[in-house]
Chemist: 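This is the structure, below, for whatever I ask next.
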Amino acid sequence: MDRSSLFQLIQEQLDPDNTGFIAVENFTSLVEHHELQLDPSKLDMLFALVQSNEDGQVCYQELIELMSSKRSSSFRRAIANGRRTLQREILLDEAGLGVYKRFVRYVAYEILPCETDRRWYFHQNRLCPPPIFMAIITIVQIIVFMCYGIMLNKWVLQTYQPDFMKSPLVYHPRHRHQVWRFFSYMFMHVGLEQLGFNALLQLMIGVPLEMVHGILRISLLYMAGVVAGSLTVSITDMRAPVVGGSGGVYALCSAHLANVVMNWAGMRCPYKLLRMILALVCMSSEVGRAVWLRFSPPLPSSGPQPSFMAHLSGAVVGISMGLLILRSYEESLQKQCSWWVIVFSFITFLLFAIFWNIFAYELLGVQLPPAP
């Protein structure tokens, strides 16, 4: 039976009066006596949703959304209110998996804190669409770095080269009227050490996050961190340029680490405490390196070195917007009040930053460094 026929059968036989509700015993009988071509985890969620309802009725729309794999609160409600014990073995006990399925299982245990979520993701995961966003961003960053490295014959501290700072991709306060620079700076990097750090985190954390939460959500989080990074620098460190994708990287990493901490008991990734400490040390060291280069440049330069504020603003975006995204697996963000509060706050920040860039520099008499 295909899905459309199933929906029609449910509505005609179990809700002929179009009340919007279905009796629990009627739907249970339908599930038990009709062959449903659904993923095993989806059947578990349907039974959990049905058997957890105390009113003897199930909302028809909730069932349709759940069976259609739409991001809906019905998924989380079925997990939260379910009273039955799932009978199938946990994913770690499943044998005979191929290489790809073992990788999907590894991603599920790295990202998701609940066994039911992990099983749901494992059974509904498909290769299409692949996690291409983080891969493309990383490849472009490497290509751009290689081009400038060959052109300048310099692979570390490239920002001390005047030709590097003349790039149309670098954000520089003198060129802030060129709007694309608030985004494009993420393709430029100070040196091999910054590129290596960012690329490693984008692939190790960004790709699994994209596999679980989808390209739209993760690309939104990453780009929000990038934009917030350059705009924060234009407000708090007005004379400094910006390079590197650290704003987006720190948005992803901070969101993931915060999600792990808040769901510590449910996370089943190995050596999670050691890895958490190592991640925090590496991220703090990168921020410390950026602060050192900003205020104590090791080489003479013609102007201020890139700011470190993009790292911090990216972390703020991750802890706020990113944490909500990661905690809303298979839920609709648009139906959550907290999501709209965060969106409103971010838009308010964007508008404030735009007006700041238009008026504040002249009103405050900021002495900007010469354009490279």
Chemist: Rounded to the nearest 0.5 Å, what separation is found between the CD atom of E110 and the CZ atom of R118?
Modeler: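 One gets 10.5 Å once the value is rounded to the nearest 0.5 Å.
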
Chemist: Between H177 and H175, is there a side-chain heavy-atom distance shorter than 4.5 Å?
Modeler: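 Contact flag for H175/H177 side chains = yes.
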
Chemist: Hey, could you give me the CG/CZ distance between N263 and R327, rounded to the nearest 0.5 Å?
Modeler: 6.0 Å

Chemist: Please go through I150's hydrophobic cluster and name the other residues, only I, L, V, M, F, W, Y counting, with side-chain heavy atoms under 4.5 Å joining them.
Modeler: I142, F145, M146, W155, L192, L195

Chemist: Run the side chain to side chain contact (heavy atoms under 4.5 Å, CB included) test against P130 and tell me which residues pass, sequence neighbours left out.
Modeler: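 Checked P130 against side chain to side chain contact (heavy atoms under 4.5 Å, CB included); matches are I132.
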
Chemist: Return the minimal non-hydrogen interatomic distance between Y361 and S234, and the atom names on each side.
Modeler: OH-O, 2.8 Å

Chemist: Is Y171 linked to L368 within one hydrophobic cluster, defined over Ile, Leu, Val, Met, Phe, Trp and Tyr using a side-chain heavy-atom separation of less than 4.5 Å?
Modeler: yes

Chemist: Are the side chains of L293 and P298 in contact, using a 4.5 Å heavy-atom criterion?
Modeler: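 When only atoms from C-beta onward are counted, L293 and P298 do touch, with a gap below 4.5 Å.
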
Chemist: Would you say W340's side chain and Q334's backbone share a donor-acceptor pair under 3.5 angstrom?
Modeler: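 Here the side-chain-to-backbone pair exists.
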
Chemist: Would you check if the side chain of Y160 reaches a backbone N or O of P297 as a donor-acceptor pair within less than 3.5 Å?
Modeler: no

Chemist: Identify the heavy atoms of V226 and Y185 that sit nearest to each other, and give their distance.
Modeler: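 Distance-wise, the nearest heavy atoms are O-OH, 2.5 Å.
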
Chemist: Roughly how far, to the nearest 0.5 Å, is the CG atom of L333 from the OG atom of S328?
Modeler: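 The CG atom of L333 is 5.0 Å from OG of S328, to the nearest 0.5 Å.
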
Chemist: Step through the shown structure and confirm whether more than 12 heavy atoms of other residues, nucleotides or ligands are within 6.0 Å of CZ on F295.
Modeler: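 Yes, CZ of F295 has more than 12 neighbouring heavy atoms, counting only those of other groups under 6.0 Å.
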
Chemist: Which heavy-atom pair separates L326 from H213 by the least distance, and what is that distance?
Modeler: O-CE1, 3.3 Å

Chemist: Does the side chain to side chain contact (heavy atoms under 4.5 Å, CB included) test come out yes or no for I325 and W339, once each step is laid out?
Modeler: CA-CA 9 Å; I325 289 176; W339 169 252; 3.9 Å; yes

Chemist: Does R289 make a cation-pi contact with F197, if we ask for NZ or CZ under 6.0 Å from the ring centre and within 45° of the axis?
Modeler: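 No, R289 does not lie over the aromatic ring of F197.
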
Chemist: Return the minimal non-hydrogen interatomic distance between W356 and M238, and the atom names on each side.
Modeler: NE1-CE, 3.6 Å

Chemist: Got a sec, which residues hit side chain to side chain contact (heavy atoms under 4.5 Å, CB included) with A290, two or more places apart in sequence or on another chain?
Modeler: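 Side chain to side chain contact (heavy atoms under 4.5 Å, CB included) check on A290 returns F308, H311.
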
Chemist: May I ask you to decide if Q161's main-chain N or O and K154's side chain share a donor-acceptor pair within less than 3.5 Å?
Modeler: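 Pair absent, no side-chain N/O of K154 close to backbone of Q161.
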
Chemist: Among pairs that include at least one residue of residues 300-312, which meet salt bridge (Lys or Arg N to Asp or Glu O under 4.0 Å), considering only residues two or more places apart or in two chains?
Modeler: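 For residues 300-312, and leaving out neighbouring residues, there are no salt bridge (Lys or Arg N to Asp or Glu O under 4.0 Å) pairs at all.
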
Chemist: Tell me if a side-chain donor or acceptor on R239 pairs with a main-chain N or O of Q367 at a distance below 3.5 Å.
Modeler: yes

Chemist: When rounded to the nearest 0.5 angstrom, what is the spacing between OH in Y250 and OG in S313?
Modeler: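 Between atom OH of Y250 and atom OG of S313 there are 11.5 Å.
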
Chemist: So how far is it from F133 CZ to Q202 CD, rounded to the nearest 0.5 Å?
Modeler: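 Going from the CZ atom of F133 to the CD atom of Q202 covers 8.5 Å.
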
Chemist: Looking at V170, is its backbone amide N or carbonyl O close enough to the side chain of R181 to form a donor-acceptor pair, meaning the two atoms are under 3.5 Å apart?
Modeler: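 Checked: pair present.
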
Chemist: Hey, does V316 have a side-chain heavy atom less than 4.5 Å from the side chain of L312?
Modeler: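 No - every pair of side-chain heavy atoms lies 4.5 Å or more apart.
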
Chemist: Can you confirm whether M321 sits close enough to S345 that some side-chain heavy atom of one is under 4.5 Å from a side-chain heavy atom of the other?
Modeler: no

Chemist: Decide side chain to side chain contact (heavy atoms under 4.5 Å, CB included) for M283 and S254; before the verdict, give the C-alpha distance in whole Å, the side-chain angles of both, and the deciding distance to 0.1 Å.
Modeler: CA-CA 10 Å; M283 293 173 67; S254 298; 4.0 Å; yes

Chemist: Determine whether a donor-acceptor pair (N or O, by modelled atom type, separation under 3.5 Å) exists between the side chain of R275 and the backbone of P270.
Modeler: yes

Chemist: Which atoms form the tightest heavy-atom contact between V190 and Q194, and what is the distance?
Modeler: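 For V190 versus Q194, the nearest heavy atoms are N-OE1, 2.7 Å.
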
Chemist: If Ile, Leu, Val, Met, Phe, Trp and Tyr residues are connected whenever their side-chain heavy atoms lie under 4.5 Å apart, and connections chain through other members, are L350 and F355 in the same group?
Modeler: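 Unlinked, L350 and F355 end up in two clusters.
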
Chemist: Indicate yes or no: at least one non-hydrogen side-chain atom of T138 is less than 4.5 angstrom from one of L203.
Modeler: yes

Chemist: In this structure, would I342 and F352 fall into the same cluster of hydrophobic residues linked by side-chain contacts under 4.5 Å?
Modeler: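 The answer is yes; both residues are in one hydrophobic cluster.
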
Chemist: Surrounding CE of M204 (heavy atoms of other residues, nucleotides or ligands, distance under 6.0 Å), is the total greater than 12?
Modeler: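 Result for CE/M204: open.
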
Chemist: Does F164 offer a backbone N or O that forms a donor-acceptor pair with the side chain of S167 under 3.5 Å?
Modeler: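 Side chain of S167 to backbone of F164, a donor-acceptor pair under 3.5 Å: no, none is there.
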
Chemist: When Ile, Leu, Val, Met, Phe, Trp and Tyr are grouped by side-chain heavy atoms lying under 4.5 Å apart, directly or through other members, which residues fall in the same group as L274?
Modeler: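 Reading the cluster by chain and number, L274 sits alongside Y271.
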
Chemist: Report the distance from atom CG of D117 to atom CD1 of I111, rounding to the nearest 0.5 Å.
Modeler: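 Result: 12.5 Å between the selected atoms.
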
Chemist: Is it true that a side-chain atom of N259 and a backbone atom of A255 form a donor plus acceptor pair closer than 3.5 Å?
Modeler: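 Looks like no, no N/O pair under 3.5 Å.
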
Chemist: Under a single-linkage definition using a 4.5 Å side-chain heavy-atom cutoff for Ile, Leu, Val, Met, Phe, Trp and Tyr, are L97 and V99 assigned to the same hydrophobic cluster?
Modeler: no

Chemist: Using a 4.5 Å cut-off on heavy atoms from C-beta on, say whether the side chain of V227 contacts that of F349.
Modeler: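 Answer no - side chains too far apart.
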
Chemist: Treating S284 as the side-chain partner and V281 as the backbone partner, does any N or O pair qualify as donor plus acceptor under 3.5 Å?
Modeler: no

Chemist: Does one hydrophobic cluster hold both L257 and M262, with members joined at side-chain heavy-atom distances below 4.5 Å?
Modeler: no

Chemist: Considering residues at least two apart in sequence or located in another chain, which fulfil the salt bridge (charged side-chain N to carboxylate O under 4.0 Å, His left out) criterion with R294?
Modeler: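 Applying salt bridge (charged side-chain N to carboxylate O under 4.0 Å, His left out) to R294 gives D237.
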
Chemist: Looking at K101 and F122, would you say the former's side chain and the latter's main chain have a donor-acceptor pair under 3.5 Å?
Modeler: yes

Chemist: Apply side chain to side chain contact (heavy atoms under 4.5 Å, CB included) to I136 and V140, showing your working.
Modeler: CA-CA 6 Å; I136 291 177; V140 173; 4.2 Å; yes

Chemist: Which heavy atom of N198 sits nearest to which heavy atom of S246, and what is that distance?
Modeler: ND2-OG, 3.4 Å

Chemist: Which is it for L252 and Y222 under the side chain to side chain contact (heavy atoms under 4.5 Å, CB included) test, yes or no, and what are the steps along the way?
Modeler: CA-CA 6 Å; L252 296 178; Y222 185 88; 3.7 Å; yes

